[in-house]
Amino acid sequence: MVGQEKKEVKEEKLKLEEKYMWAIVDGVKEKVGNFRVEPPGLFRGRGEHPKMGKLKKRIYPRDITINIGKDAPIPECPIPGQSWKEVRHDNTVTWLAYWNDPINPKEFKYVFLAASSTLKGQSDKEKYEKARKLKDYIEGIRTTYTNNFGSKDMTRQQIAVATYLIDRLALRAGNEKDDDEADTVGCCTLKVENVKPLDPPILEFDFLGKDSIKYYKQFEADPAVYKAVKKFREGKSGSDDLFDKLDTSKLNTHLKELMPGLTAKVFRTFNASVTLDDMLAKGGAGSGEVPEKIANYQHANKEVAIICNHQRTVSKSHSAQMDRLQTRIDEAKAELSELETDLARAKKGKPPLKDSNGKQKRNLSPEAIEKKIQSAKTKIDKYERDMRSKEDLKEIALGTSKINYLDPRITVAWCKRNEVPIEKIFNKSLLAKFSWAMDCDPSFRF
DNA sequence: AGTCCCACTTAGAATTGTGACA
DNA sequence: TGTCACAATTCTAAGTGGGACT
């Protein structure tokens with residue numbers, strides 16, 4: 001199919017979908033996120049999921065409840081002769097439609113507005129404002145939990161240690177999970193076998209977290225925490241809960257007493273955004289060129305991804321891609337050494353040697369050869385940089401923190417201060433998602 | 001105090017779009 | 001003008017956490 005034809009097919013499809021793409025909310029036309037129901041297929045859980053491969057049945061209009069304004073016309077049911085399961089008018093929730101998850105009928109699948117909508121933007125901003133508020137409380141919170149590391153009250157002691165781990169290691173809260181889900185843990189659900197005391201005060205963390213991603217870290221803990229963990233492990237087997245007096249609900253109830261609205265997840269947002277802000281500020285004004293500044297940003301972004309344990313599987317073609325880069329470097333180096341020979345000869349007024357195919361090359365002035373040498377060197381540098389960064393980032397996912405954890409105003413303000421075009425950091429989707437942050441002051445600090 | 005229900009955010013993988021280069 | 005590599009987007013699973021109910 002040629003270009004023109006492809007474009008026409010695309011436009012045709014867009015036209016057909018146009019009527020599902022928008023919702024009027026409080027009189028404003030807003031973009032809808034996922035307006036397609038999930039097609040039938042085999043369930044693909046992550047990790048060792050007990051329901052792996054189960055058949056996921058087709059969803060029909062009769063399965064779907066829609067949520068519209070009281071006076072809004074009911075959207076036409078797309079399958080003739082069928083009808084919606086229910087039509088509601090609930091303005092206390094944000095979903096536009098939902099159906100029961102066919103794999104786990106106790107759960108729901110929702111249609112929401114898109115990330116770029118006013119509603120999502122507002123709630124995103126509130127999330128970051130709450131995390132910023134934690135700055136005013138964090139010192140007191142740290143003092144409090146440190147004082148409780150040795151508490152005689154076991155619940156208090158476990159709350160103190162858990163809060164410390166969430167603060168220092170950016171662990172997730174760790175809600176209870178059912179037996180029909182993959183066996184993963186967060187802070188409150190850590191097992192004895194997941195946290196091993198090594199040489200004091202080193203604690204070894206080894207567990208599967210969200211999406212069955214492995215978390216492994218040897219961590220130099222506060223000696224009082226090390227001691228407390230040893231105590232929590234006493235008389236238990238490996239599969240017993242480390243924090244037997246604790247769950248997320250108790251932990252969050254406690255956190256709310258320390259700061260209004262504080263929950264465990266706020267610490268991850270706080271940790272990520274503070275780290276980015278600090279690292280960008282420390283990076284200095286950076287007299288360098290824009291690409292160098294972008295590399296600095298990436299470096300900070302990578303630090304955050306490591307803290308949050310955002311991983312990806314190494315791409316299948318990674319080693320082939322590395323090989324290809326190496327070949328290009330080798331070729332460029334061979335070219336460079338040939339140019340250097342030519343340069344030496346040219347300086348003596350001699351013609352260049354024949355090339356590898358035995359063909360005579362053109363006579364060039366020493367200046368022209370110098371120029372070619374410079375460009376070959378630049379090329380080699382670039383390839384070597386690319387290779388290092390590719391290897392360095394092969395199992396780290398930078399995107400997740402950018403989308404969910406880093407206050408976009410930190411990035412926008414840094415770009416303004418350093419004259420880096422924001423488009424170099426945020427793609428089209430992120431620019432739309434973060435439109436609420438674009439007018440922030442260049443002096444903004446998290 | 002524990003359980004269930006509900007609604008929302010966060011997550012990596014899969015798929016699709018693109019632009020550079022042969 | 002096709003191919004390939006990377007970026008962007010889509011997909012949907014898997015978390016968090018509030019609140020009602022028992």
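Letters A, B, ... mirror the listed sequences (proteins, then strands); counts begin at 1. Heavy atoms only: backbone and side chains are in, while hydrogens, waters and symmetry mates are out.
Nearer the 5' end of DNA chain C, as judged by each residue's closest nucleotide, is the contact made by A:K56, out of A:C187 and A:K56. Residue order along DNA chain B, read from the 5' end via each residue's closest nucleotide, puts A:F108 first among A:F108 and A:Y128.
The residue A:K316 sits apart from the nucleic acid: no heavy atom pair falls under 4.0 Å. A:K51 comes within 4.0 angstrom of nothing in the nucleic acid, heavy atoms only. Residue contacts shown for A:P39 are limited to sugar-phosphate atoms, with no base heavy atom under 4.0 Å away. Using a 4.0 Å heavy-atom criterion, one finds that A:E181 contacts no nucleic acid atom at all. At the heavy-atom level, A:F112 lies under 4.0 Å from base atoms of the strands shown. When heavy atoms are screened at a 4.0 angstrom cut-off, A:T184 is found touching the sugar-phosphate backbone but no base atom. If you check every strand for non-hydrogen atoms under 4.0 Å, A:G399 touches nothing.
Distance check: A:E204 CD to A:K217 NZ gives 13.0 Å after rounding to the nearest 0.5 Å. Atoms CZ and CG, from A:R88 and A:L96 in turn, are 13.5 Å apart once rounded to the nearest 0.5 Å. Atom-to-atom distance recorded for A:I213:CD1 and A:C308:SG is 13.5 Å, nearest 0.5 angstrom.
The phosphate of B:dT10 (OP1 or OP2) has a side-chain N or O of A:K127 nearer than 4.0 angstrom. Side-chain nitrogen and oxygen atoms of A:S123 include none within less than 4.0 Å of the OP1 or OP2 phosphate oxygen of B:dC8. In this structure, A:R36 does not reach the C:dT10 phosphate: none of its side-chain N or O atoms is under 4.0 Å from OP1 or OP2. Distances shown here put every side-chain N or O of A:K106 at or beyond 4.0 Å from the OP1 or OP2 atom of B:dC6. Here A:K120 reaches the OP1 or OP2 of B:dT9: one of its side-chain N or O atoms lies under 4.0 Å away. Proximity of A:S249 to the phosphate of B:dA1: no side-chain N or O atom is located under 4.0 Å from OP1 or OP2. For C:dT9, the OP1/OP2 oxygens have a side-chain nitrogen or oxygen of A:K428 closer than 4.0 Å.
One atom, CG of A:L246, and another, C1' of B:dG2, lie 15 Å apart when rounded to the nearest Å. At whole-Å resolution of the value, CD1 in A:I425 and C1' in C:dA7 are 15 Å apart. In this entry the distance linking CG of A:N427 with C1' of B:dT18 reads 13 Å, nearest Å. If you measure from atom CG of A:L393 to atom C1' of C:dA7, you get 14 Å, rounded to the nearest angstrom. If you take CG of A:D247 and P of C:dT16, they are 12 Å apart, rounded to a whole angstrom.
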Look for any protein N or O under 3.5 Å of an N or O in nucleotides 11-14 of chain B and output each such pair with its distance, or none.
residue	atom	partner	partner atom	Å
B:dA11	OP1	A:R172	NE	3.4
B:dA11	OP1	A:R172	NH2	2.8
B:dA11	OP1	A:R268	NH2	2.8
B:dA11	OP1	A:Y405	OH	2.9
B:dA11	OP2	A:H310	NE2	3.1
B:dA11	OP2	A:Y405	OH	3.1
B:dA11	O4'	A:K210	NZ	3.3
B:dG12	OP1	A:Q311	N	3.1
B:dG12	OP1	A:Q311	O	3.4
B:dG12	OP2	A:T400	OG1	2.7
B:dG12	O5'	A:Q311	O	3.4
B:dG12	N2	A:R46	NH2	3.2
B:dG12	N3	A:R46	NH2	3.4
B:dA13	OP1	A:T313	OG1	3.3
B:dA13	OP2	A:T313	N	3.4
B:dA14	OP1	A:R44	NH2	3.1

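A:F426 and A:F434 have their aromatic ring centers within a separation under 6.0 angstrom. Ring centers of A:W99 and A:F108: at least 6.0 Å apart, outside the cut-off.
Contact check on A:K85 versus A:D63 returns no salt bridge, with no Lys/Arg side-chain nitrogen under 4.0 Å from an Asp/Glu carboxylate oxygen.
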- Query: What string of B, S and - do you get for nucleotides 17-22 of chain C 5' to 3' if you count protein non-hydrogen atoms under 4.0 Å?
  - Reply: BS----
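Judged by the 6.0 Å and 45° rule, A:K120 forms a cation-pi pair with A:F112.
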